[in-house]
Amino acid sequence: MNALVAFHNTLADRVERLSPAVLPTLARFTFAATLLGYFWASGLTKVGAGVFGIFSPSLGAYAQIFPKAMEAASYDVGQLTAFHTLVVIAGTLAEFILPLLLAVGLFTRLSALAMIGFVSVQSLTDLFGHGGIAHHETLGAWFDRIPDSVILDQRLFWMAVLITLVIKGAGPLSLDRLLKLR
């Protein structure tokens with residue numbers, strides 16, 4: 001039994017020594033492999049026409065970010081305020097910039113923290129703005145044997161990856177590491 005415990009402890013120590021490099025690298029890979037494309041595709045739905053379309057968001061951008069305000073304005077963007085436009089532009093830019101920063105590992109802790117805020121606002125908008133709170137299959141429930149609800153289950157996985165990056169940083173294969181070496 002002592003040999004088994006000693007083997008376990010030796011193996012655990014070796015794995016533990018790898019975690020500062022493996023965990024953040026795996027978290028960034030997981031984010032890039034599963035969420036980078038998701039956020040960029042979502043951002044593209046918000047971009048208006050032309051080269052500077054990011055600064056003249058599409059009607060869908062307003063409907064996605066401010067669903068109740070758009071409904072109240074009969075989907076006439078002209079009835080919304082400059083605040084609405086600034087939030088839509090900032091949100092759209094965030095959907096492109098923050099995932100890119102995380103994928104390359106630049107300003108990783110700050111970018112992951114900003115993504116946590118972004119995903120929190122996104123989730124609240126999905127629940128209350130788009131009515132997801134009224135649909136059990138969208139909201140879901142933890143500890144229910146069904147791991148595919150859009151909000152509680154899915155976003156918990158996203159948060160676990162992002163919190164790992166806030167705590168551990170970008171890891172050795174990152175632009176943050178190159179900046180640190182300078």
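Every value quoted in this text rests on a predicted model; they were computed, and no experiment measured them.
- Distance check: S56 OG to I89 CD1 gives 8.0 Å after rounding to the nearest 0.5 Å.
- Between the H84 side chain and the T81 main chain, a donor and an acceptor come within less than 3.5 Å of each other.
- You'll find the side chain of K68 stays beyond 4.5 Å of the side chain of F128, heavy atoms only.
- Residues forming a salt bridge (charged side-chain N to carboxylate O under 4.0 Å, His left out) with D126 (at least two apart in sequence, or on another chain): R155.
- Following chains of ILVMFWY side-chain contacts shorter than 4.5 Å, one can reach V51 starting from I54, so the two form part of one hydrophobic cluster.
- By the 4.5 Å heavy-atom criterion applied to side chains, Y38 and F31 are not counted as neighbours.
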Which pairs of donor and acceptor atoms, one on a side chain in residues 93-103, lie under 3.5 Å apart (sequence neighbours left out)?
from : atom 1 : to  : atom 2 : distance (Å)
E95  : OE1    : K46 : NZ     : 2.9
E95  : OE2    : S42 : OG     : 2.7

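- Closest approach of P24 to S19, counting heavy atoms only: CD-O, 3.6 Å.
- The nearest pair of heavy atoms linking G105 to S174 is O-CB, 3.6 Å.
- R28 contributes no side-chain N or O that, together with a main-chain N or O of G169, makes up a donor-acceptor pair within less than 3.5 Å.
- Considering only residues two or more places apart in sequence or on other chains, Q79 meets the side chain to side chain contact (heavy atoms under 4.5 Å, CB included) condition with A73, D76.
- L106 places none of its side-chain heavy atoms less than 4.5 Å from the side chain of S111.
- Heavy atoms only, all atoms of each residue included: T25 and A21 are closest at OG1-O, 2.7 Å.
- In this structure, S58 contributes its side chain and T45 its backbone to a donor-acceptor pair below 3.5 Å.
- Using a 4.5 Å cut-off between side-chain heavy atoms of Ile, Leu, Val, Met, Phe, Trp and Tyr, with links allowed through other members, L124 and I133 fall into the same hydrophobic cluster.
- For the atom pair NE2 (H135) and CG (L127), the distance works out to 11.0 Å, reported to the nearest 0.5 Å.
- A tilted orientation is assigned to the rings of F66 and F83, their planes being inclined by 30° to 60°.
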For residues 157-167, which side-chain N or O atoms pair as donor and acceptor with protein atoms under 3.5 Å away, sequence neighbours left out?
from : atom 1 : to   : atom 2 : distance (Å)
T164 : OG1    : A160 : O      : 2.8

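- Using a 3.5 Å distance cut-off with no hydrogens or angles, the side chains of Q154 and S149 do not pair a donor with an acceptor.
- No side-chain heavy atom of T125 sits under 4.5 Å from any side-chain heavy atom of Q64.
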Can I get a per-line list of side-chain donor-acceptor pairs under 3.5 Å for residues 2-16, giving both atom names and the distance, sequence neighbours left out?
from : atom 1 : to : atom 2 : distance (Å)
N9   : ND2    : V5 : O      : 3.4
T10  : OG1    : A6 : O      : 2.9

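- Looking only at side-chain heavy atoms (C-beta outward), T85 and L80 stay at 4.5 Å or farther from each other.
- Within a 6.0 Å sphere centred on CZ of F29, heavy atoms belonging to other residues, nucleotides or ligands number 12 at most.
- With sequence neighbours excluded, no residue forms a side-chain hydrogen bond (donor to acceptor under 3.5 Å, both in side chains) with S74.
- Residues W142 and V150 share a hydrophobic cluster, clusters being chains of Ile/Leu/Val/Met/Phe/Trp/Tyr side chains in contact below 4.5 Å.
- Side-chain contact between L156 and D153 is absent, with no heavy atoms from C-beta onward closer than 4.5 Å.
- Clustering ILVMFWY residues whenever any of their side-chain heavy atoms sit less than 4.5 angstrom apart, transitively, puts F143 in the very cluster that holds L139.
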**Report entry** Check against side chain to side chain contact (heavy atoms under 4.5 Å, CB included), V47 and T92
**Finding:** CA-CA 8 Å; V47 175; T92 303; 4.2 Å; yes

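- I116 and V121 sit in two unconnected hydrophobic clusters of ILVMFWY residues. Membership requires side-chain heavy atoms under 4.5 Å apart, directly or through other members.
- Taking the side chain as every heavy atom from C-beta outward, D176 and R109 never approach each other to under 4.5 Å.
- The shortest heavy-atom contact between L36 and A32 is CB-O, 3.4 Å.
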